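Below, read A as the first sequence line, B as the second, and so on, with proteins coming before strands; counting in each chain starts at 1. Only a predicted model underlies this, so the values are computations on that prediction, with no experimental measurement involved.
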Amino acid sequence: MNALFEYLLRLGDDSLILGHRLSEWCGHGPILEEDIAMTNLSLDLIGQATSFLKYAGEVEGKSRNEDDLAFLRFEREYKNLLLVERPNQNFGATMMRQFLFDAYRKLFFERLVHSTDSQLSAIAAKSLKETKYHLKHSSEWVIRLGDGTEESHEKMQSALDDLWKYSAELFYQDDVDEDLIENGIIPAVDAIKGEWDVLVRNVLEQATLIIPSNNWEQVGGRKGIHSEHLGYILAELQYMQRAYPGMKW
Amino acid sequence: MKEHNIEVLERDFQAKIDNDIKIEPKDWMPDEYRQTLIRQISQHAHSEVVGMLPEGNWITRAPNLRRKAVLLAKVQDEAGHGLYLYSAAETLGADREQTIDDLHSGKAKYSSIFNYPTLSWADMGAVGWLVDGAAIMNQVPLCRCSYGPYARAMVRVCKEESFHQRQGFEIMTTLAQGTAEQKAMAQDALNRFWWPALMMFGPPDEDSKHTKQSMDWKIKRHTNDELRQMMVDITVPQAELIGLTIPDPDLKWNKEKGGYDFGEINWDEFWQVVKGNGPCNKDRIETRRKAKENGAWVREAANAFAEKRKLRNTKKAS
């Protein structure tokens, strides 16, 4: 197994699946301005997925392009975090999911910019700019809704309670990471956990939300063991490529 | 106000219109001019927003990453158009919330084309090519509309619409040059969208109740039938170029008029869809109504938070 290829799938799939989830909001946002904002987030993430998967195809060297990788793998071959495949539920839950992810992604990209791999460093630099804006947007909504009305507070607390157990996987590390870390290609994610904690706790405190006491960690995505939701995402995502194999669009 | 004064105001207003001087929000204008514009601009805004739905229907199923990104960007543009149009309506004193409630109650209309379903990927091509194509035909003259804010909004909208139209035609071209299945998909989409796209210009001139006054006020610059003819004349050669057939057996070049003669439009279908009996009318409004209803707690919370923050800041200051 090529570790860099595997790692690029993890990065690409996180962006692809979260981008897909956000795109489900299009036309259904709570206000027109947020409809536009979520479409923007989705566009950025689909763009990142394209960059990571294109590079993954080059690294793999089996002439698969970004579309082959995005549309023609099976469920067990997707390596995204469980967090990003969680259903949208309501706008608050979507923003909470986004916030937990953005906080990690920003810290991660800040370090990935220094990768010894020039392609990765370039993708990281572009993505970091986008992610800083995403984090600002999602933090503001978490605070606004957490500290808004009683109803919004309850909704946000319940979203946090539901999503918290998926946050541990953000810092998942295995033998895929080891060599890449040693060669300075990727940063060690466990090293950003401390900073993530401070950032997240600070925002949640302003949002008057309480981190759940249950610290169960649900992982699996990085190994391709997903929730039941991913299959349905892929059924939609892959529909055209599966129904009309090998055609140009 | 004295009757004499109103006469003067009306005369000055019409003089501005006649001399192609734009009417601006703070200028005096006849009440019917204001109401006509509010009706037209808010209908236009609603059309942009409801129009997000048939295309949004294919975002999660777009066939590749590039098409997905382009479609997302396109639907996002439409939301943006909706926003500036609601703002343009607000310059005339319309209230955005009230305008949206009128849409949801069925009081306000939107373009009937969006009451047709998008059933295949090729519909993304047909909608861009024909629906945005017809929209451009309608909107380019609106860049010269007598009301300043609407005319200026249209300049930007038209630039984006022209990109939308081209991407739609590009989808159709790709399909038409593809496999037999893809070509059939493109032809089927053209068959379903052709006539509804021609209906987008509104009823024939003799039945159009708003046209004459709107033309006198230079809100409208061409009649419905003139615009429809332009659309047919531009689109037929495009279809021929990519090898698709316009679903009209009566379509024929008329050398004398320098344009195409085309078959009769089913106006009964048009009026049925306007009245609410189109294939998707109920679903579209229900979707928009639900989006608003499901977002109510978000808007309330955002307001409550803004209030709290203001209070805290005043406390800090004192």
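Side-chain N/O atoms of B:Gln98 and B:Asp102 include a donor and acceptor closer than 3.5 Å. For the residue pair B:Gln139 and B:His44, a side-chain donor N or O sits within less than 3.5 Å of a side-chain acceptor on the partner.
Proximity to chain A (any heavy atom under 4.5 Å) is restricted, for B:Val75, to the side chain, taken from C-beta onward. The contact between B:Asn64 and chain A is made by backbone and side chain atoms together, counting heavy-atom distances below 4.5 Å. If you measure heavy-atom distances from A:Ile233 to chain B, you find no contacts under 4.5 Å at all. Contact annotation for B:Leu175: only side-chain heavy atoms (C-beta onward) come within less than 4.5 Å of a heavy atom of chain A. With a 4.5 angstrom heavy-atom cutoff, B:Thr179 touches chain A only via side-chain atoms. Proximity to chain A involves both the backbone and the side chain of B:Glu300, based on heavy atoms less than 4.5 angstrom apart. Only the side chain of B:Val49 comes within contact range of chain A, with at least one heavy atom under 4.5 Å from a heavy atom of that chain. Only the side chain of B:Met185 comes within contact range of chain A, with heavy atoms under 4.5 Å apart. Contacts between B:Arg61 and chain A at a heavy-atom distance below 4.5 Å involve backbone atoms as well as side-chain atoms. With a threshold of 4.5 angstrom between heavy atoms, B:Ala62 approaches chain A through N, CA, C or O but not through any side-chain atom.
Considering only heavy-atom pairs separated by less than 4.5 Å from chain A, the leading option among B:Pro63, B:Ala296, B:Gly56, B:Ala304 is B:Pro63. Chosen from A:Asn90, A:Leu237, A:Ile46, A:Leu43, the residue pairing most often with chain B at heavy-atom distances under 4.5 Å is A:Leu43. With chain A as partner, the option from B:Met52, B:Arg309, B:Lys308, B:Arg67 having the largest number of non-hydrogen pairs under 4.5 angstrom is B:Lys308. Of all the listed residues (A:Lys248, A:Lys155, A:Glu34), the one sharing the greatest number of non-hydrogen pairs under 4.5 Å with chain B is A:Lys155. Of the listed residues B:Ile171, B:Leu72, B:Thr174, B:Asp77, the one with more heavy-atom pairs under 4.5 angstrom with chain A than any other is B:Leu72. Per-residue heavy-atom pair counts under 4.5 Å with chain B were compared for A:His28, A:Glu150, A:Arg144, A:Met38, and the maximum is reached by A:Arg144. Ranking A:Glu33, A:Glu24, A:Glu151 against chain B, the residue ahead of the rest is A:Glu33, based on heavy-atom pairs under 4.5 Å. With respect to chain A, the highest number of heavy-atom pairs below 4.5 Å among B:Leu83, B:Ile59, B:Leu53 belongs to B:Leu83. Ranked by heavy-atom pairs under 4.5 Å with chain B, the list A:Gln238, A:Met240, A:Glu66, A:His153 is led by A:Met240.
B:Asp101 has a carboxylate O that lies under 4.0 Å from a charged side-chain N of B:Lys292, or vice versa, which qualifies the two as a salt bridge. Ion pairing between B:Glu90 and B:Arg96 fails under the 4.0 Å rule for side-chain N and carboxylate O. Salt bridge status for B:Glu170 with B:Arg166: absent, with no side-chain N to carboxylate O gap under 4.0 Å. Contact check on A:Asp147 versus B:Arg312 returns a salt bridge, with a Lys/Arg side-chain nitrogen under 4.0 Å from an Asp/Glu carboxylate oxygen. Salt bridge status for B:Arg192 with B:Asp123: present, with a side-chain N to carboxylate O gap under 4.0 Å.
Considering all non-hydrogen atoms of both residues, A:Arg86 and A:Ser227 come closest at NH1-CB, 4.1 Å.
By the 30° and 60° cut-offs, the orientation of the rings of A:Tyr244 relative to A:Tyr239 is perpendicular. Using a 30° and 60° split on the angle between ring planes, A:Trp141 and A:His137 fall in the perpendicular class, above 60°. Taking the six-membered ring for Trp and thresholds of 30 and 60 degrees, A:Phe91 and A:Trp25 have ring planes more than 60 degrees apart, a perpendicular arrangement.
A cation-pi arrangement is present between A:Arg242 and A:Phe74 under the rule of less than 6.0 angstrom and at most 45 degrees off the ring axis.
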